[in-house]
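Structure, as structure tokens:
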Protein chains: 2
Amino acid sequence: MVVEKDNELWADRAFHALSDATRRDMMTRCVRNSPSISTLALAYPMSFAAVQKHVTVLERAGLVSKQRRGREQLVVAERSGLRRASELLGEFEQLWRGRLDRFDDLLQSDTESGH
Amino acid sequence: MVVEKDNELWADRAFHALSDATRRDMMTRCVRNSPSISTLALAYPMSFAAVQKHVTVLERAGLVSKQRRGREQLVVAERSGLRRASELLGEFEQLWRGRLDRFDDLLQSDTESGH
DNA sequence: GTAACGTACAACTAAATGGTTGTAGAAAAA
DNA sequence: TTTTTCTACAACCATTTAGTTGTACGTTAC
């Protein structure tokens with residue numbers, strides 16, 4: 001119910017966050033480095049504010065979190081977020097398995113009934 | 001180079017397609033059933049045309065394909081598409097592995113150098 | 001043959017997205 | 001202390017998105 005709703009909302013945000021090449025690149029940099037926002041910003045041909053917004057999108061999707069260090073804010077990748085997204089895709093593949101299994105069952109019962 | 005560009009473009013489309021709860025639900029239905037577009041449309045509180053557009057988004061992302069049967073068009077889920085998306089997320093997790101390995105190496109060399 | 005069904009597609013609207021510039025404050029450096 | 005750096009956030013703009021209705025056309029059913 002409510003949990004489902006939340007899950008869907010989270011999935012919306014996570015996949016949306018991953019649907020942009022810049023943000024995906026940011027993810028790889030954050031996994032490796034946990035750079036500050038301004039360091040991150042140096043890597044892209046856009047304003048600091050734009051980069052800041054991208055980070056916010058990733059953050060609200062639970063894919064990164066911000067960690068203050070003095071006047072700068074380090075962007076650290078959240079493994080749990082990526083994991084959760086992976087698992088969601090896994091559920092789809094599981095559905096396929098289920099379908100194939102049912103198909104196998106059908107063949108099985110068909111054989112057993114002697115056709 | 002070009003391949004990379006294409007890959008990024010595909011990833012954009014795939015994750016964007018998955019970033020909508022309606023489309024994710026459509027995917028599960030297509031995995032199970034391969035329903036026609038109009039059958040699919042019965043399941044959602046929106047116009048046929050809207051559903052048609054969602055299917056197009058999934059199709060352009062390589063997550064489903066359409067297969068004509070008489071006057072109707074069956075929507076069949078494409079396992080390869082889902083697989084490819086899964087693999088992409090897998091690469092991120094792999095990055096983490098890489099980082100942890102480097103960390104281990106660091107510890108290793110630190111120990112070896114006798115501190 | 002005619003009516004009904006399933007699809008395709010164009011044109012339109014409202015809202016969200018990705019970018020910009022500008023302002024302001026807190027921390028570090030000079 | 002003054003200046004610079006890093007961050008936050010508001011306001012604005014152009015484009016895309018998700019939805020709508022309406023029209024047109026091939027296929028199936030009567």
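We name chains A, B, ... by the order of the sequence lines, and we start the count at 1 in each one. Basis for what follows: all heavy atoms, side chains included, without hydrogens, waters or symmetry-related copies.
A donor-acceptor contact shorter than 3.5 Å links the side chain of B/D20 to the backbone of B/T22. Side-chain N or O atoms of B/R23 include one that pairs as donor or acceptor with a backbone N or O of B/H16 at under 3.5 Å. In this structure, A/W10 contributes its side chain and A/A61 its backbone to a donor-acceptor pair below 3.5 Å. In this structure, A/R24 contributes its side chain and A/L18 its backbone to a donor-acceptor pair below 3.5 Å.
One interatomic measurement links the two molecules: CD of B/E59 to C1' of C/dT7, which rounds to 13 Å at whole-angstrom precision. In this entry the distance linking CG of A/L40 with P of D/dA8 reads 13 Å, nearest Å. Between the C1' atom of D/dT27 and the CD atom of B/E72 lies a distance of 10 Å, rounded to the nearest Å. Rounded to whole Å, atom C1' of C/dA27 lies 13 Å from atom CZ of A/R69. Look at CE on B/M26: it is 11 Å from P on D/dA18, rounded to the nearest Å. Taking atom CG of residue B/L74 and atom C1' of nucleotide C/dG6, one finds them 11 Å apart after rounding to whole Å. For B/Y44 and D/dG19, the OH to P distance is 12 Å, given to the nearest whole Å. Note: CZ (B/R60) to P (D/dT16) measures 12 Å, nearest angstrom.
Counting only residues at least two apart or in different chains, salt bridge (Lys or Arg N to Asp or Glu O under 4.0 Å) contacts with residues 48-61 of chain B comprise B/E59-B/K66.
Side chain to side chain, B/S86 and A/E93 meet the donor-acceptor criterion of an N or O pair below 3.5 Å.
At C/dT7, one or more side-chain N or O atoms of B/S38 fall inside 4.0 Å of OP1 or OP2 (strictly under the cut-off). For B/Q52, no side-chain nitrogen or oxygen approaches OP1 or OP2 of C/dT7 to under 4.0 Å. OP1 or OP2 of D/dA8 lies within a sub-4.0 Å distance of a side-chain N or O belonging to A/K66.
Look at B/R69 and B/E72 and you find a salt bridge, because one of the NZ, NE, NH1 or NH2 atoms lies within 4.0 Å of a carboxylate O, short of that distance.
You'll find a donor-acceptor pair under 3.5 Å spanning the side chain of A/R71 and the base of D/dT5, going by distance alone.
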Along nucleotides 13-24 of chain C, 5' to 3', which nucleotides get a B, which get an S, and which get a -, given that the test is a protein heavy-atom distance under 4.0 Å? ----SSBBB---

